[in-house]
K.L.:
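Can you keep this structure in mind? I'll have questions shortly.
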Amino acid sequence: MNMKIHLDPSTPMNLDETLCCGQVFRWEKQEDWWYGVAGKRAIRVRQIGRVLEFENANKDFVESYFGLNVDLRQIYTSIHKDPHIEEAIARFRGLRILRQDPWECLVSFMCATYKNIAAIKTMISELSHRYGDHIVFEKENVHAFPTAEALAKSSITDLKKCGLGFRAKRVKLTAKVISDDATRLERLRRTSYAEAKRELLQLPGVGSKVADCILLFSLNKFEAFPVDVWMKRVILRYYQAHFEKEFVERISEQKPLSTSQYERLSRFGREHFGNYAGYAQEYLYHYERMKTRLPILRA
DNA sequence: CAAGTGCCTTTATC
DNA sequence: AGATAAAGGCACT
């Protein structure tokens, strides 16, 4: 079940940055292989130069999941609007936005509310171990991401044991909604960014920021521009001049963004960077985070 | 090592 | 509309 993909020189790809930039929480690197689970299949992948090597994955899935058909160079041209994004692109060239499973993405970012990435990984791992189907891969015990049905049936008390805290109730409620309407999320692929976002905002535990993450990382609405505390920092550091002084002072305070403040920053991203603003977001986000930590701590 | 800070925010309430 | 508080606890310093 081994497969190799030889990347064309016109297809920038950086597997490490793609899997450690905070868009996905279920990949772990050991030696030079990344281990992950997609659907009911545990797979591993590594990149050596221009070659991607897979174990236990099929080609269609890989091309879709890693977005290999997306023309990154054209996207770079499109979002190339200022020296800051230019630097981020130069540094992390080949970072790709994945096309994740919408359900897994939805739960992941609901759990991400007010948590750091290390803690999110722990929660998602715990949820999978407790509620996900058991998979055996290379003598290791792996678990699929739990279905909506499995989480809908769970108790809030047990969900809290996975570290979810106040998110447990939201996850259970949303799991119920999704398990009653299995195509609800997939349908959003065919709607516009604005309409899909309205739909997602109906779900308990999904606000503007979480909706934008789901839209970007699983439904590939590339104009989505999620703004978390890091992106707020990025905007205050490099793009402050695009806003009134009064507004800048408001959002500089140590308080969460209001919905209208959030939308204002997110809209700025779309207007400044254009149709692929989401790509710009991920590069700037990753760039800012990596500046503040040692390379060895990356994961 | 302890105690403090921060976290890819949402919701309820006023 | 806009402000404010609460939420639950892990990971890092």
Side-chain angles (χ1 to χ4, degrees), chain A residues 17-27 88 92 95 97-98 100 104-127 156-174 177 197-198 200-218 221 224-237 246-247 249-266 269 277-294 296-299:
Chain A
E17 304 303 348
T18 298
L19 293 178
C20 84
C21 70
Q23 62 176 319
V24 66
F25 307 101
R26 289 208 74 197
W27 288 91
F92 298 114
L95 187 164
I97 297 209
L98 299 172
Q100 299 182 51
E104 177 171 341
C105 194
L106 165 59
V107 177
S108 298
F109 282 95
M110 245 192 289
C111 289
T113 297
Y114 211 57
K115 279 282 189 186
N116 56 41
I117 288 180
I120 300 161
K121 283 185 164 181
T122 306
M123 283 190 281
I124 300 303
S125 171
E126 288 291 313
L127 278 179
I156 290 177
T157 312
D158 284 346
L159 286 173
K160 285 185 178 175
K161 288 176 188 161
C162 300
L164 299 204
F166 63 85
R167 302 162 195 80
K169 187 180 175 186
R170 301 170 179 179
V171 167
K172 184 173 162 63
L173 286 171
T174 288
V177 174
K197 186 163 181 176
R198 267 197 299 281
L200 288 172
L201 289 173
Q202 306 299 311
L203 299 167
V206 179
S208 298
K209 180 344 185 120
V210 172
D212 277 331
C213 288
I214 300 163
L215 290 163
L216 180 59
F217 301 134
S218 70
K221 309 291 186 196
F225 193 86
V227 179
D228 70 314
V229 292
W230 290 94
M231 284 310 292
K232 184 174 109 171
R233 232 167 262 162
V234 164
I235 291 169
L236 287 173
R237 280 194 190 145
E246 209 174 82
F247 180 73
E249 281 167 17
R250 272 283 154 68
I251 67 169
S252 298
E253 295 167 41
Q254 216 81 20
K255 284 190 302 189
L257 294 171
S258 69
T259 306
S260 60
Q261 288 169 336
Y262 175 92
E263 292 301 341
R264 192 161 167 188
L265 295 178
S266 187
Y279 256 96
Q281 186 274 353
E282 202 53 22
Y283 275 77
L284 291 169
Y285 169 81
H286 192 48
Y287 179 71
E288 197 64 14
R289 273 174 48 89
M290 290 309 107
K291 277 208 302 197
T292 61
R293 70 195 58 202
L294 297 168
I296 195 78
L297 293 175
R298 298 248 231 106

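Chain letters run A, B, ... following the sequence lines, proteins first and then strands; every chain starts at 1. Quick caveat, the model's predicted, so the values are computed rather than measured.
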K.L.:
Using atom CD1 of A/I117 as one end and atom P of B/dC7 as the other, report the distance to the nearest whole Å.
P.N.:
11 Å

K.L.:
Could you give the CD-to-P distance, from A/Q281 to B/dC8, as a whole number of Å?
P.N.:
12 Å

K.L.:
Classify the nucleic acid contact of A/E282 as base, sugar-phosphate or nothing, counting any heavy atom under 4.0 Å across all strands shown.
P.N.:
base

K.L.:
Considering only atom P, compute the distance from C/dA6 to B/dC8 and round it to an integer number of Å.
P.N.:
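Each nucleotide's P atom is 23 Å from the other's.
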
K.L.:
Check whether any side-chain N or O of A/E126 sits under 3.5 Å from a backbone N or O of A/L164 as a donor-acceptor pair, and report yes or no.
P.N.:
no

K.L.:
Identify the stems formed by DNA chain B, where each pair is Watson-Crick or G-U wobble with both distances under 3.5 angstrom and a stem is at least 3 consecutive pairs.
P.N.:
B:3-7 with C:9-13, B:9-14 with C:2-7

K.L.:
Looking only at atom P, what distance separates B/dT13 and C/dG8, rounded to whole Å?
P.N.:
15 Å

K.L.:
Using a 4.0 Å heavy-atom cut-off, does A/V206 contact any base of the nucleic acid, only the sugar-phosphate backbone, or nothing at all?
P.N.:
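Here A/V206 touches the backbone only, sparing every base.
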
K.L.:
Would you check if the distance from the ring center of A/F25 to the ring center of A/F109 is below 6.0 Å?
P.N.:
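Ring centroids of A/F25 and A/F109 are less than 6.0 Å from each other.
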
K.L.:
Describe the nucleic acid contact of A/G205 in one word from base, sugar-phosphate, nothing, applying a heavy-atom distance below 4.0 Å.
P.N.:
sugar-phosphate

K.L.:
So does A/S260 get a side-chain nitrogen or oxygen closer than 4.0 Å to the phosphate oxygens (OP1/OP2) of C/dG2?
P.N.:
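Checking C/dG2 against A/S260, a side-chain N or O does come within under 4.0 Å of OP1 or OP2.
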
K.L.:
Which residues pass the side-chain contact (heavy atoms from CB on, under 4.5 Å) test with A/Y114, sequence neighbours left out?
P.N.:
A/R167

K.L.:
A/K255 NZ to C/dT4 P: how many Å, rounded?
P.N.:
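The answer, rounded to whole Å, is 4 Å.
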
K.L.:
Between C/dT13 and B/dC1, how many Å separate the two C1' atoms, rounded to a whole number?
P.N.:
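Nearest-Å result for C/dT13 against B/dC1 at atom C1': 12 Å.
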
K.L.:
Can you see if the side chain of A/T122 gets near the phosphate of C/dA11 - specifically, an N or O under 4.0 Å from OP1 or OP2?
P.N.:
yes

K.L.:
Under 4.0 Å between a side-chain N or O of A/R170 and OP1 or OP2 of B/dT9?
P.N.:
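Answer no for this pair, as no side-chain N or O of A/R170 is under 4.0 Å from OP1 or OP2.
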
K.L.:
Do any side-chain nitrogens or oxygens of A/R167 fall under 4.0 Å of OP1 or OP2 in B/dT10?
P.N.:
no

K.L.:
Polar atom pairs between nucleotides 12-14 of chain B and protein, under 3.5 Å, N or O only, would you list them?
P.N.:
none

K.L.:
Parallel, tilted or perpendicular: which fits the ring planes of A/Y287 and A/F92, with parallel below 30° and perpendicular above 60°?
P.N.:
perpendicular

